[in-house]
*Asks:* 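This is the structure I want to talk about, given as structure tokens.
These numbers come from the heavy atoms of this one structure, side chains and all, not from hydrogens, waters or symmetry mates.
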Amino acid sequence: MKRKVKILTKIICFCLVFAVLLSCVNSLFKPKWLEDRWQSSKTDVSFYDLDKNSTDVLFFGSSVTAAAVDPFLLYKEYGIASYNLGVISQTMSGSFFWVKEALKTQKPKVIFVEVKTLGRQSDKLETKARKSYDYMKPGINKFQYAVETVNSGRDLVGTDEEMDIWEYLFPLSLYHTRWSELSYDDYDFALGNNKSDTKGFAVLSNTFKYVSSYDPASDEAGDYDGFEDKEVEYSQYNGTNKAYVKRIAEVAKENNVELVLFKTPDTTWSVKKYNYVKDIAQEAGVKYIDLNLKSIREKMGLEFSEDGADSIHMNVNGAKKVTSYLGQYLTDHYELTNYKEGSSPIKGDFQSGMDKYNDYIKTAKLCMENNLDNYLKLIKDKNYSVILTAGSQSSKLYFSENQKKLLKELNIDIDAFLKDSEYGNNLAYVSDTLETKGQPVNVSNEEDRYATQVINEGGQFSDGTSFTMNITGGLCSVRVDNNNCGDVYGELMNIVVYNKKTKKVIDTVSLRNNSYGSVSIGRKGKG
């Protein structure tokens, strides 16, 4: 008998160890869906860290939701406790199952579901569902999500790829080939750096008027200013998505939760889609807010050319306007607790995360700043290390007297940069190095008639992060932590800003003369 107990104990221990190892390997091999500005997997993982019943408002939808709604701002302005569960490419089926999943641990008074997917003729469920599926915790909701996604995928017209439920239930069977693609982010995420510091909000710093798809003529004609609420015939869109909306409405009603359908600002939206969703909302007996209507756009003061990151996403400025509008709507229509008043664990949670959140906002503001005077003021920050490099044409820059003053306040020997030389100067400046304990370092080499002087310098910032600079024949390159700062331009003057708190390069700009006889900021893809 004792021998059988020992054998059984060993089998159980083996199974437990195997399950733990399998879970770790699964976590490592699954794609993280971080995709630069999007933090989808961190959004899902962090939701499970929320205290039980600690949110009064939840937001669901795809990336347009993630970019438009800022829970920390809702708290700062209205004291509202919320979380943004918007995930890149999330389908309406994903929103449905995440609503069900969220209601297991939260009792919100209001949930908002973004409706962009309702305006599609079809959904590529296999490619899209993964991003909101992979980081849902195992359970009945995840199992049902997998089954319905596979069944829906088999029904899609023109789908050649056979969908396998096994790949959903055991993702290693699908992702095991990623071993050769694993990067630092995969290991970093698996080891615990997998939390959202913004409660799901994606802080975007692009500006629509600077992206390639922006059309100034169309913008001036009013195409991006919204549309009037009027009766227009509409074509039928994806019926599956409509069915999921009605299922969400049923779940909300069963849990005594108010459901609001909403549409974020979107230049691809239309009156047909507006009326289609309005009818669905009426059928389901829920409210619908469309932020593309002219009356609402005007009330928000939203200008898509400035407040959009691209044709469908808000940047940080647009998100502020959208969030403020929704916050006022919630305050006017629902009795929600103002958690800024008094003392509570919810208040403590928001306050404890406010510093990291503010750093994201500050970084976004820096990356959107195009006025050089303002930019030089912003980078004068104890948390930043700055690298400035200049090729042989730097002496020809038309700095104003105020800009020269601001550069000198950064301890930059601007006179050396602007030194009049027939052959030009190669120069570099570094602030906050380990060797100089925060005192700036200036390196200057003048080219002569016969040989080009080369700057090839390196060191460490005060946080220990390494950097190198190379300037040869007027051409500049910079590496931080052995990563190439690819936006450093050729013979221009460049500024690379490194944040010691986040340990990342947060911005790279070039300074160049413009047609107005002054110096402008340039960014690749941002103007």
*Asks:* My understanding is that only residues two or more places apart in sequence, or in another chain, count here; which of them pass side chain to side chain donor-acceptor pair (under 3.5 Å) with Asp70?
*Replies:* Tyr357
*Asks:* Can you name the residues that form a salt bridge (charged side-chain N to carboxylate O under 4.0 Å, His left out) with Lys503, not counting sequence neighbours?
*Replies:*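 Applying salt bridge (charged side-chain N to carboxylate O under 4.0 Å, His left out) to Lys503 gives Asp463.
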*Asks:* Does atom NZ of Lys504 have more than 12 heavy-atom neighbours, drawn from other residues, nucleotides or ligands, at distances under 6.0 Å?
*Replies:* no
*Asks:* I need the minimum non-hydrogen distance between Cys476 and Ala390, along with the two atoms involved.
*Replies:* SG-C, 3.8 Å
*Asks:* Rounded at 0.5 Å granularity, tell me how far CG in Asn315 sits from CG in Asn317.
*Replies:*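 The CG atom of Asn315 sits 5.0 Å away from the CG atom of Asn317.
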*Asks:* With sequence neighbours excluded, tell me which residues meet side chain to side chain contact (heavy atoms under 4.5 Å, CB included) with Asn470.
*Replies:*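 Per chain and number, Asn470 pairs via side chain to side chain contact (heavy atoms under 4.5 Å, CB included) with Val454, Asn456, Thr472, Ser477.
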*Asks:* Side chains of Tyr48 and Met136: does their closest heavy-atom pair fall under 4.5 Å?
*Replies:*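 They are in side-chain contact.
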*Asks:* Kindly compute the distance separating CG (Leu511) from CD1 (Ile495), expressed to the nearest 0.5 Å.
*Replies:*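 Leu511 atom CG to Ile495 atom CD1 measures 4.5 Å (nearest 0.5 Å).
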*Asks:* List the steps and the verdict of ring-ring contact (aromatic ring centres under 6.0 Å, His included) for Phe201 and Phe72.
*Replies:* CA-CA 9 Å; Phe201 172 47; Phe72 273 96; 9.4 Å; no
*Asks:* Could you report the tightest heavy-atom contact between Met469 and Ala428, atom names first, then the distance?
*Replies:*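 For Met469 and Ala428, the tightest heavy-atom pair comes out as SD-CB, 3.7 Å.
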*Asks:* Who are the side chain to side chain contact (heavy atoms under 4.5 Å, CB included) partners of Thr264, not counting sequence neighbours?
*Replies:* Val64, Ala68, Glu114, Phe262
*Asks:* Does Met92 reach the side chain of Val113, with side-chain heavy atoms less than 4.5 Å apart?
*Replies:* yes
*Asks:* Okay, side chain of Thr323, backbone of Ala319: is any donor-acceptor separation there less than 3.5 Å?
*Replies:*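 Present.
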*Asks:* Would you check if Asn84 and Thr43 make a side-chain contact, meaning some heavy-atom pair closer than 4.5 Å?
*Replies:* no
*Asks:* As a quick check of understanding, evaluate side-chain contact (heavy atoms from CB on, under 4.5 Å) for Ile312 and Trp269, giving each step before the final call.
*Replies:* CA-CA 9 Å; Ile312 62 174; Trp269 204 241; over 6 Å; no
*Asks:* Are the side chains of Asn411 and Ser431 in touch, meaning some heavy atoms are under 4.5 Å apart?
*Replies:* no
*Asks:* List in chain and number order the residues that pass side chain to side chain contact (heavy atoms under 4.5 Å, CB included) with Asn383, two or more places apart in sequence or in another chain; answer none if no residue qualifies.
*Replies:* Lys362, Asp381, Asn499, Lys501
*Asks:* Please tell me if the side chains of Val480 and Cys485 come closer than 4.5 Å, counting only heavy atoms from C-beta onward.
*Replies:*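 Heavy-atom side-chain distance check passes, below 4.5 Å.
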*Asks:* Calculate, to the nearest 0.5 Å, the distance between atoms CD and CG belonging to Glu369 and Leu376 respectively.
*Replies:*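 Result: 10.0 Å between the selected atoms.
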*Asks:* Go through the steps to decide whether Asp349 and Tyr339 satisfy the test side-chain contact (heavy atoms from CB on, under 4.5 Å), and finish with yes or no.
*Replies:* CA-CA 10 Å; Asp349 176 56; Tyr339 289 99; over 6 Å; no
*Asks:* Taking ring-ring contact (aromatic ring centres under 6.0 Å, His included) as the cut-off, I'd like each qualifying pair that reaches into residues 361-381, sequence neighbours left out, listed once.
*Replies:*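 Every pair satisfying ring-ring contact (aromatic ring centres under 6.0 Å, His included) with a residue in residues 361-381: there are none.
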*Asks:* Carefully, step by step, assess Val496 and Val386 under the rule side-chain contact (heavy atoms from CB on, under 4.5 Å).
*Replies:* CA-CA 6 Å; Val496 176; Val386 177; over 6 Å; no
*Asks:* Residues in salt bridge (charged side-chain N to carboxylate O under 4.0 Å, His left out) with Lys340, at least two apart?
*Replies:* none
*Asks:* With no hydrogens and no angle check, just 3.5 Å: does a side-chain donor-acceptor pair link Asp481 and Asn483?
*Replies:* no
*Asks:* Given Val57 and Phe112, is the side-chain contact (heavy atoms from CB on, under 4.5 Å) satisfied, shown in steps?
*Replies:* CA-CA 8 Å; Val57 184; Phe112 283 76; 3.9 Å; yes
*Asks:* Which heavy atom in Thr207 sits nearest to a heavy atom in Met368, and how many Å separate them?
*Replies:* OG1-CE, 3.8 Å
*Asks:* Please name all residues satisfying side chain to side chain donor-acceptor pair (under 3.5 Å) with Ser385, sequence neighbours left out, ordered by chain then number.
*Replies:*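 Ser385: side chain to side chain donor-acceptor pair (under 3.5 Å) contacts with Asp432.
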*Asks:* Salt bridge or not for Arg297 and Asp307, using N-O below 4.0 Å?
*Replies:*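 Result for this pair is no, no salt bridge flagged.
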*Asks:* Could you tell me if the side chain of Ser46 sits less than 4.5 Å from the side chain of Tyr83, heavy atoms only?
*Replies:*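 Tyr83 reaches Ser46 side chain to side chain.
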*Asks:* Considering residues at least two apart in sequence or located in another chain, which fulfil the side chain to side chain contact (heavy atoms under 4.5 Å, CB included) criterion with Asn358?
*Replies:* Lys76, Met354
*Asks:* Quick check: do Lys380 and Leu406 have side-chain heavy atoms less than 4.5 Å from each other?
*Replies:* no
*Asks:* Which residues pass the salt bridge (charged side-chain N to carboxylate O under 4.0 Å, His left out) test with Lys405, not counting sequence neighbours?
*Replies:* Glu409
*Asks:* Just checking Tyr398: does its OH atom have more than 12 heavy atoms from other residues, nucleotides or ligands closer to it than 6.0 angstrom?
*Replies:*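 Count not over threshold, so no.
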*Asks:* Listed by chain and number, what are the side chain to side chain donor-acceptor pair (under 3.5 Å) partners of Ser95, not counting sequence neighbours?
*Replies:*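 Partners of Ser95 under the side chain to side chain donor-acceptor pair (under 3.5 Å) test: Gln90.
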*Asks:* Can you tell me how far apart CG (Leu372) and OG (Ser518) are? Round to the nearest 0.5 Å.
*Replies:* 9.0 Å
*Asks:* What is the minimum heavy-atom distance between Tyr384 and Leu366, and which atoms define it?
*Replies:* CE1-CD2, 4.3 Å
*Asks:* What heavy-atom pair brings Asn494 and Ser510 nearest, and what distance separates the two atoms?
*Replies:*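 Taking Asn494 first and Ser510 second, the nearest heavy atoms are OD1-CB, 3.9 Å.
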*Asks:* Within the distance-only criterion (no hydrogens, no angle test), does the side chain of Tyr498 pair as donor or acceptor with the backbone N or O of Phe467 below 3.5 angstrom?
*Replies:* no
*Asks:* Is a donor on one side and an acceptor on the other found under 3.5 Å between the side chain of Lys500 and the backbone of Lys382?
*Replies:* yes
*Asks:* Look at the aromatic rings of Tyr75 and Phe350 and report parallel, tilted or perpendicular, splitting at 30° and 60°.
*Replies:*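 Parallel.
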*Asks:* Would you please name every residue forming a salt bridge (charged side-chain N to carboxylate O under 4.0 Å, His left out) with Glu306, sequence neighbours left out?
*Replies:*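 With neighbours one apart ignored, the set is Lys209.
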*Asks:* Restricting to non-hydrogen atoms, name the atom on Leu302 and the atom on Lys321 that form the minimum distance, rounded to 0.1 Å.
*Replies:*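 Scanning both residues, the minimum pair turns out to be CA-CD, 4.1 Å.
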*Asks:* Run the salt-bridge test on Lys320 and Glu77 with the 4.0 Å N-O cut-off and return the result as yes or no.
*Replies:* yes
*Asks:* Taking atom CG of Asn371 and atom CD of Gln403, what is their separation to the nearest 0.5 Å?
*Replies:*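 Answer rounded to 0.5 Å: 8.0 Å.
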*Asks:* Within the side chain of Ser63, is there an N or O that forms a donor-acceptor pair under 3.5 Å with the backbone of Ala66?
*Replies:* no
*Asks:* If you measure only the distance, is there a donor-acceptor pair under 3.5 Å linking the side chains of Thr268 and Lys116?
*Replies:* yes
*Asks:* Any idea how Trp98 and Phe47 line up, ring-wise: parallel (<30°), tilted (30 to 60°), or perpendicular (>60°)?
*Replies:*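 Rings of Trp98 and Phe47: perpendicular, over 60°.
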*Asks:* Do Ser520 and Asn370 touch side chain to side chain, with heavy atoms closer than 4.5 Å?
*Replies:* no
*Asks:* Roughly how far, to the nearest 0.5 Å, is the OG atom of Ser311 from the CG atom of Asp266?
*Replies:* 7.0 Å
